[in-house]
Amino acid sequence: MPHTLDPALRRALAERVRYYNELGIYDFYQRGPAVQESAVGTAAGIAPLLALSTALQSETREEMAARKSAVVAPVADESIFEAHTPKPEYSVTDPVTALKIIREDLGECTRCKLHEQGRKQIVFGVGNPRAELMFVGEGPGADEDAQGEPFVGRAGQLLNNMIKAMGLQREDVYIANVVKCRPPGNRTPEPDECDTCSPFLMRQIAAIKPKVVVALGATAAKNLLAMNSSLGDLRGRFYDFKPAGVRSNDPAWPGARLAVTYHPAYLLRDPRQKGEAWKDLQMVMKYLGLKASSGAPK
Ligand code: URA
């Protein structure tokens, strides 16, 4: 049934939807009647927001067509429980273009406090946009912040060795982090920083469509899987993985597996765990049909 909205409420909701889009959030979910609603939500329930999100699609498409050269296809078959404003890269099938659009959308990001805590530059991600294998770390350190590329310091050297031992080159895979700006003093990124940044990582994964994502360390594992178990409990098996924001029935999402292993920086501190990490990588290699180049990574 079409929703008739009071014009003032419609404007308020439209503003809200655009605000979320600016934050990189395009998807709205109705969790059920127990969900706490905000001032706008309380007045009207979330249904108008979902309906408006869909109604705004054509407006958004026109705006985006003006802003970007990408063509955005209409989203068909919206369920009442999931409303997705089309992401700018939605109907772009070429991952190179899709990643460019996501990078453009990220802009000179000031969405979380990391932008004013000493970052030199945003570290977006690097590698093959058509990679079958993707590695996700925690966040840039000093070297990455200086060079604008993930995993270029000591941990990066070990990650390179791990990739080589798997029979691949660094250029074959794609590498990114949960947060794209260096946390001061290399502290662990805080939950609000991860929550703000991870929609962009999810969009990168959705664009690249790797067969396997390897989460390096607890921050990556917990954010990608939305699980709070220990790393020891999470590693050693595959998970079916779908990036947040991809619709459950999206025909463009071919499915991916996710494996968890130790972060290379942790392996530098405790090299005795390298054997366990190698087991995780061998599980991935078997699935991808890769042959080890030599032995376990040094
Ligand atoms: N550690 C990470 O998690 N990511 C990097 O890019 C470098 C070190």
Side-chain angles (χ1 to χ4, degrees), residues 99 102-103 106 109 112-115 117-129 131 133-164 166 168-205 208 210 212-225 227 230-232 234-235 243 258-271 273-274 276-277 280-281 284 297-298:
L99 288 174
I102 298 164
R103 180 64 189 89
L106 184 64
C109 185
C112 88
K113 58 188 179 301
L114 288 179
H115 83 279
Q117 296 193 347
R119 78 148 190 233
K120 288 200 177 72
Q121 55 188 314
I122 291 168
V123 180
F124 183 67
V126 73
N128 178 0
L133 177 58
M134 180 162 173
F135 289 93
V136 176
E138 180 175 299
D143 295 314
E144 291 75 21
D145 184 48
Q147 295 184 43
E149 185 172 327
F151 283 98
V152 290
R154 278 188 70 224
Q157 294 310 310
L158 179 53
L159 178 60
N160 290 349
N161 291 344
M162 290 158 71
I163 294 167
K164 276 197 199 121
M166 296 175 82
L168 294 169
Q169 301 295 318
R170 183 175 164 99
E171 299 70 38
D172 296 327
V173 306
Y174 195 89
I175 308 171
N177 283 306
V178 173
V179 297
K180 302 195 187 308
C181 296
R182 182 191 180 199
N186 295 345
R187 66 161 168 76
T188 304
E190 291 169 1
D192 62 308
E193 296 157 359
C194 295
D195 290 349
T196 305
C197 210
S198 62
F200 291 93
L201 171 65
M202 297 294 178
R203 288 167 62 185
Q204 285 171 287
I205 300 173
I208 295 164
V212 177
V213 177
V214 175
L216 299 167
T219 301
K222 289 177 185 183
N223 277 281
L224 289 168
L225 291 172
M227 287 167 79
S230 73
L231 194 100
L234 291 172
R235 56 173 289 275
L258 186 142
V260 174
T261 195
Y262 293 110
H263 193 288
Y266 173 76
L267 296 174
L268 289 173
R269 291 195 300 275
D270 186 358
Q273 302 303 329
K274 282 186 180 177
E276 290 303 297
D280 298 329
L281 299 182
V284 172
K298 299 282 182 299

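Here the structure is a predicted model, which means the values were calculated and not measured. As the structure lists them, so they are numbered: ligands from 1, and atoms in each ligand from 1.
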Residue pair Asn177 / Leu216, side-chain heavy-atom distance below 4.5 Å: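 The answer is no; the side chains never approach within 4.5 Å.
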With sequence neighbours excluded, what pairs up with Thr261 under the side chain to side chain donor-acceptor pair (under 3.5 Å) test?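 Testing Thr261 for side chain to side chain donor-acceptor pair (under 3.5 Å), a comparison that skips the adjacent residues, returns Asp280.
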Give yes or no for whether the N/O distance cutoff of 3.5 Å, strictly under, is met between [X] and ligand 1.
{"X": "Phe151", "answer": "yes"}
{"X": "His263", "answer": "yes"}
{"X": "Pro150", "answer": "no"}

Any donor-acceptor pair under 3.5 Å from Asp172 side chain to Gln169 backbone: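 Judged by distance alone, yes, a pair lies under 3.5 Å.
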task: With sequence neighbours excluded, give me every side chain to side chain donor-acceptor pair (under 3.5 Å) pair touching residues 143-159.
output: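 Applying side chain to side chain donor-acceptor pair (under 3.5 Å) to every pair that reaches into residues 143-159, excluding sequence neighbours, yields Glu149-Arg170.
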Exercise for review: Please work out which of Ala142, Gly139, Gly137 has its closest non-hydrogen atom nearest to atom 5 (C) of ligand 1.
Suggested key: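 That would be Gly139.
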inquiry  = I'd like the name of whichever of Asp143, Asp145, Asn177 reaches closest to atom 6 (O) of ligand 1 through any heavy atom.
reply    =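 Comparing heavy atoms across Asp143, Asp145, Asn177, the nearest one to atom 6 (O) of ligand 1 lies in Asn177.
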field: Sub-4.0 Å atoms of ligand 1 with respect to non-hydrogen atoms of Glu138
entry: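 Under 4.0 Å from Glu138, ligand 1 has these atoms: 2 (C), 3 (O).
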For Phe135 and His263, run ring-ring contact (aromatic ring centres under 6.0 Å, His included): C-alpha distance rounded to whole Å, both residues' side-chain angles, the deciding distance at 0.1 Å, then the answer.
CA-CA 10 Å; Phe135 289 93; His263 193 288; over 10 Å; no
